[in-house]
Amino acid sequence: MSESVRVRFAPSPTGHLHIGGARTAIYNWAFARHHGGTFVLRIEDTDPERSTEENTQAIIRAMEWLGLDYDEGPGVDGPYGPYFQTQRAASYADALERLKASGSTYPCFCTSEALDAKREAARQQGGFAGYDRTCRGIEVEEAARRVAAGEPHVWRLKVPEDRADIAFCDAVRGDVRFPGDAVDDLVLVRTDGTATYNFAVAVDDTTMAITHVIRGDDHLSNTPKQILIYEALGEDVPVFAHLSMILGADGKRLSKRHGATSVEAYRDSGFLPEAVMNYLALLGWSLDGETTVFSRETLAESFSLDRVSRNPAIFDDEKLEWLNGVYIRDMSATELIDRIVPVLAEAGLITHEEAASRREWLLRLAPMVSERLKRLDEIVPMVAFLFSDSVEIEEGAREKVLEKEGSGLALDACRDALASVPSFDAETIEAALREVPERTGVKPKVAFQAVRVATTGSTVSPPLFESLELLGRERTLQRIDAARPLAAS
RNA sequence: GGCCCGUUCGUCUAGCGGUUAGGACACCGCCCUCUCAAGGCGGAGAUCACGGGUUCGAAUCCCGUACGGGCUACCA
């Protein structure tokens with residue numbers, strides 16, 4: 001429990017960083033930071049069919065966005081590199097040599113076709129469908145001769161006879177035990193000389209001196225295989241911690257069918273990295289059962305594996321949105337503007353140049369919207385009326401508000417008041433408009449709603465007086481004039 | 001089929017032998033109020049999957065069952 005703690009996040013670049021992977025990365029990061037250890041990013045790119053450089057970059061970008069800085073990995077050299085599995089072939093070859101030397105592996109000449117047939121037959125009879133060890137019985141000399149002769153072969157792990165139960169203490173699940181005969185003589189090195197997943201992972205984790213393997217639940221059943229490889233190699237077994245899956249709203253494993261599942265998709269739909277990180281941390285871990293909002297620093301300080309939950313968790317978009325709103329409200333006006341200008345620019349409401357020259361105006365806008373936003377992109381429909389020359393009045397708004405008795409009267413009175421107000425700021429505007437109901441006898445709600453609909457086009461908007469201030473006197477009066485014919489007398 | 005893992009309000013969770021089973025999101029009501037939010041207060045919501053044990057006492061420990069998930073590849 002000190003500086004010697006080394007953990008790794010090992011995604012395979014066959015797609016973008018998804019929610020489940022991100023949570024695994026977060027827990028690894030938090031564990032490393034908590035213990036002052038080292039967080040390694042290792043790219044498991046051994047599937048040439050599906051791995052791409054682009055995906056690798058996307059994963060790294062997503063981690064940067066979340067603030068998951070790693071101490072060793074792509075672009076961050078360390079003493080245990082390289083950090084791409086495709087570049088570690090020499091390391092696997094070396095491990096295989098060690099296994100050959102200790103007699104813990106043997107070549108297998110069975111064809112995959114023959115194996116498939118046997119497996120199928122065994123499964124029909126309902127038994128364990130592991131390898132039947134045919135080639136394990138071949139004399140060492142003969143096997144060596146056939147290998148030398150170039151006969152196609154794979155290398156299999158020679159699992160000890162009558163192996164006792166393989167037991168380990170999982171840091172989140174507790175004691176886990178597999179029957180000794182549950183693991184067959186699995187393939188370590190393929191016919192083409194490349195390492196299989198389980199071999200590569202075990203070798204990498206030992207050669208990278210990983211002390212704690214924190215990973216998805218789907219690897220729990222692979223653990224006994226890897227333990228056997230560790231033992232054959234004569235290496236220490238790390239501590240394992242298996243995290244439960246994240247499921248979609250239907251209780252099924254999270255997939256594309258559930259909509260956005262990649263971290264980037266959340267970024268693009270207006271979520272803040274702090275919120276995503278906080279939410280994901282909470283999905284399967286709790287600080288104390290009470291605290292729900294916390295910074296990444298607090299997460300690092302408080303994180304421990306024994307508070308990781310064992311049950312699968314359903315991803316709840318609504319709670320993420322609420323949390324995102326919490327973080328938005330917590331931002332200063334300048335921070336919020338910095339985050340929002342790109343969104344407005346993207347929507348074509350403002351250019352970056354305009355944003356720079358109207359900075360002061362935008363800073364006044366910030367407090368009006370901050371407590372109304374759950375996602376950054378909601379800003380667009382909310383403030384579009386401030387960026388247009390005129391406004392189209394929503395059908396329902398006209399009926400419900402403008403056609404209500406008294407609204408025309410109120411509009412006239414408000415127009416007069418606004419036209420003659422000495423200064424067009426929210427405070428003065430409010431004072432002037434507050435007198436209208438008294439003077440006309442129209443209820444405040446009716447009068448203010450009429451002005452709101454006339455100037456924003458909608459029955460829902462940011463606070464009226466502030467909105468008018470930002471709109472400016474000219475446009476405000478124009479819009480009231482334009483709406484006036486639609487209003488009841 | 002075999003082997004592993006899991007099961008507390010709709011959702012995320014607290015709980016680690018004795019609690020009125022706590023909190024958060026969502027939901028409902030009230031207050032605040034120029035709309036919407038935000039905020040404040042309050043409410044409803046969990047026979048702790050089911051069945052057996054162990055115990056004076058079990059959501060907590062043990063054993064089954066059901067349901068869900070994972071592994072069982074020369075994928076990762």
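All of these numbers come straight from a predicted model, not from anything done at the bench. Proteins get letters first, then strands, A, B, ... in listed order; numbering begins at 1 in each.
- For the pair A:E430 CD and B:U35 C1', the computed distance is 14 Å after rounding to whole Å.
- Atom CZ in A:F315 sits about 12 Å away from atom P in B:C12, given to the nearest Å.
- Across all strands shown, the partner of B:U65 is B:A49, judged by Watson-Crick or G-U wobble contacts whose two distances both fall under 3.5 Å.
- As judged by a 4.0 angstrom heavy-atom cut-off over every strand, A:K225 is placed among residues touching the sugar-phosphate backbone only.
- Residue A:N311 places at least one side-chain N or O closer than 4.0 Å to OP1 or OP2 of B:U7.
- For B:U20, there is no paired base (Watson-Crick or G-U wobble, both distances below 3.5 Å).
- Here the C1' atom of nucleotide B:U35 and the CZ atom of A:R452 are 4 Å apart, to the nearest Å.
- Atom CG of residue A:D204 and atom CZ of residue A:R42 lie 4.0 Å apart, to the nearest 0.5 angstrom.
- Summarising the geometry, the separation between CG on A:L402 and P on B:U35 is reported as 17 Å, rounded to the nearest angstrom.
- Note on A:S286: only backbone sugar-phosphate atoms sit closer than 4.0 angstrom, heavy atoms only; bases stay farther off.
- Between the side chain of A:S221 and the base of B:G70, a donor-acceptor pair under 3.5 Å is found.
- You'll find a donor-acceptor pair under 3.5 Å spanning the side chain of A:T191 and the base of B:C74, going by distance alone.
- Side-chain nitrogen and oxygen atoms of A:R307 include at least one within less than 4.0 Å of the OP1 or OP2 phosphate oxygen of B:G15.
- In terms of position on RNA chain B, the residue among A:H219 and A:E466 whose nearest nucleotide sits closer to the 5' end is A:E466.
- Between the CZ atom of A:R23 and the C1' atom of B:U13 there is a distance of 13 Å, given to the nearest Å.
- Remark: B:C30 base-pairs with B:G40. Criterion, Watson-Crick or G-U wobble with two distances under 3.5 Å.
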